[in-house]
Amino acid sequence: MKKLSSLILVLLICACGASTPAPVWKENAYRQLAEYKTSFLTGKEASTEPHFVKARREIAAGNDLNLLSVAYLTQYALHTASLESFDSSDFAKLYRLEPNPADMAYCHFLKGNFSAVDVELLPSRYAGVLKAASASDLQMAAREIAAIDDPLSRLIACGVWVRYFPASEAILQMGITTAATNGWQRPLWAYLGKLHEYYLAKGESNKAAAIKERLNLLKKD
C-alpha cells in the first residue's frame, strides 16, 4: 500500500535517474504545483489559483486520480498551514473512485479527525503530534512540532494544533518563526493575527497592541 510520505510528495517525484522519462503532462503538473505552493505561501494571490487549475488539468489529462488526490491534499495542507479552513469534497469524490487509506489518514489528520487516523498510514513525522492530539497534551505537542525538521511540515503541524485546540503562545510563536524564516507571508500574517487574538483573550493589552502594530506595518504597501 502506497504511503503518503510527505505533503509535497507529488513535487518530489521526478524523472531524474529513471530509465524512462516522466510524461510531459506529469512534468508540467509538478511544475505548476511547485508554483502553486510558492505563490500560496508568499501571498501572491493573483497567480495562486491559476497554477492549481493548470496542475489539475495536466493531471486530468493523464487520468491519474491518485496523483490528483495528492494534489488536493497538498492544497488542503497549505490552507491548514495558514490557519484556513478547506472543503474536502473533491478529495472525497476521488477517494470513492480510487481509495487509498494513507491519503484518507492524512486528510483526517488535516481535518482534526484524530480518532479516525491510522498512525501506521500517517507520514511518520506527524506521529508524535497525533499522539499529543489524542492526549490533548500541549507540552508534548510543542516538543513534537519543534522536532519536525521540514519547515513546511512543521507549519502544517502548527496549523493542525492551532485550528483544533486552545491557543498556545509557544506554538503560535513557532508558527510565526517558521513562516518568517522562510518568507511565507500568508501564514505569517495568519499567525500574527492569531497571536493578537490570544493576547486580547488573556487580557495582555500591551502585547496585543504591539502585535497589531507590527502586523499593520508589515501589511503597509
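Keep in mind that the numbers below use all heavy atoms, side chains included, and drop hydrogens, waters and symmetry copies.
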Any donor-acceptor N/O pair, Asn182 side chain to Trp184 backbone, under 3.5 Å: no
Any side-chain heavy-atom pair from Ile148 and Tyr126 closer than 4.5 angstrom? yes
Note: Thr178 and Pro151 closest approach over all heavy atoms is CG2-O, 3.3 Å
Could you pull out the closest heavy-atom pair between Thr80 and Ile156, with the gap in Å? CG2-O, 3.9 Å
Counting C-beta onward and ignoring hydrogens, is there a side-chain heavy-atom pair between Lys37 and Thr74 closer than 4.5 Å? no
Which heavy-atom pair separates Gly159 from Leu83 by the least distance, and what is that distance? CA-CD2, 3.7 Å
Lys219 versus Leu215: any side-chain heavy-atom pair under 4.5 Å? yes
Pair Tyr30-Glu58, side-chain donor/acceptor within less than 3.5 Å: no
Report the distance from atom OG of Ser134 to atom CE of Met140, rounding to the nearest 0.5 Å. 9.5 Å
Side chains of Trp25 and Asn28, heavy atoms from C-beta outward: is any pair under 4.5 Å? no
Please examine the side chains of Ile171 and Leu138, heavy atoms only from C-beta on, and report whether any two atoms are closer than 4.5 Å. yes
Between Phe86 and Phe91, is the gap from one ring center to the other below 6.0 Å? no
Plane angle bin for Phe109 and Tyr106 - parallel if under 30°, tilted between 30 and 60°, otherwise perpendicular: parallel
For the CG atom of Leu110 and the CD atom of Gln75, what is their distance to the nearest 0.5 Å? 11.5 Å
For Asn216, is the CG atom crowded, meaning more than 12 foreign heavy atoms sit under 6.0 Å from it? yes
Within-4.5 Å side-chain heavy-atom neighbours: Leu152 and Leu41: yes
Of all the heavy-atom pairs spanning Asn66 and Asp103, show the shortest one and how long it is. O-OD2, 4.5 Å
Would Tyr76 and Asp90 count as a side-chain contact (heavy atoms from CB on, under 4.5 Å) if you check the C-alpha gap in whole Å, the side-chain angles of each, and the deciding distance to 0.1 Å? CA-CA 11 Å; Tyr76 304 159; Asp90 287 318; 4.0 Å; yes
What is the distance from atom SG of Cys107 to atom CG of Leu73, rounded to the nearest 0.5 Å? 6.0 Å
Just jot down the ring-ring contact (aromatic ring centres under 6.0 Å, His included) partners of His79, sequence neighbours excluded, or say none. Phe40
Is the Tyr191 to Tyr198 ring centre distance short of 6.0 Å? no
Between Glu84 and Arg186, is there a salt bridge with N-O shorter than 4.0 Å? yes
Cluster link Tyr36 to Val53, ILVMFWY, side chain under 4.5 Å: no
Using a 3.5 Å distance criterion without hydrogens, assess whether the side chain of Asn113 forms a donor-acceptor pair with backbone atoms of Ala116. no
So which atom in Val117 and which in His108 form the shortest heavy-atom distance, rounded to 0.1 Å? CG2-CB, 3.6 Å
Here the pair of heavy atoms bringing Ala55 nearest to Ala29 is CB-O, 3.9 Å
Val24 reachable from Leu68 in the ILVMFWY side-chain graph, under 4.5 Å edges: no
The side chain to side chain contact (heavy atoms under 4.5 Å, CB included) partner of Leu172 among His196, Glu197, Lys194 is Lys194
Determine the interplanar angle of the Phe114 and Tyr164 rings, folded into 0 to 90°, and report it as parallel if under 30°, tilted if 30 to 60°, perpendicular if over 60°. perpendicular
Identify the residue among Lys54, His51, Glu27 that makes a side chain to side chain donor-acceptor pair (under 3.5 Å) with Gln32. His51
Kindly say whether Asp149 contributes a backbone atom to a donor-acceptor pair with the side chain of Arg154 at under 3.5 angstrom? yes
Distance col, row Glu98:CD vs Leu67:CG, nearest 0.5 angstrom, shows 11.0 Å
Answer yes or no: is there a side-chain heavy-atom contact under 4.5 Å between Val162 and Ser168? no
Go through Ser39 and Glu49 one step at a time and tell me if the side-chain contact (heavy atoms from CB on, under 4.5 Å) criterion holds. CA-CA 9 Å; Ser39 295; Glu49 190 59 26; over 6 Å; no
Using a 4.5 Å cut-off on heavy atoms from C-beta on, say whether the side chain of Ser69 contacts that of Tyr95. no
Under a 3.5 Å threshold, yes or no: a donor from one side chain and an acceptor from the other, between Lys111 and Ser88? yes
Is it possible for you to say whether Ile176 and Leu217 belong to one hydrophobic cluster, with membership spreading through side-chain heavy-atom contacts below 4.5 Å? no
To the closest 0.5 Å, what do you measure between OG (Ser82) and CD (Gln185)? 10.5 Å
About how many Å separate CD of Glu169 and CD of Glu204, when rounded to the nearest 0.5 Å? 6.5 Å
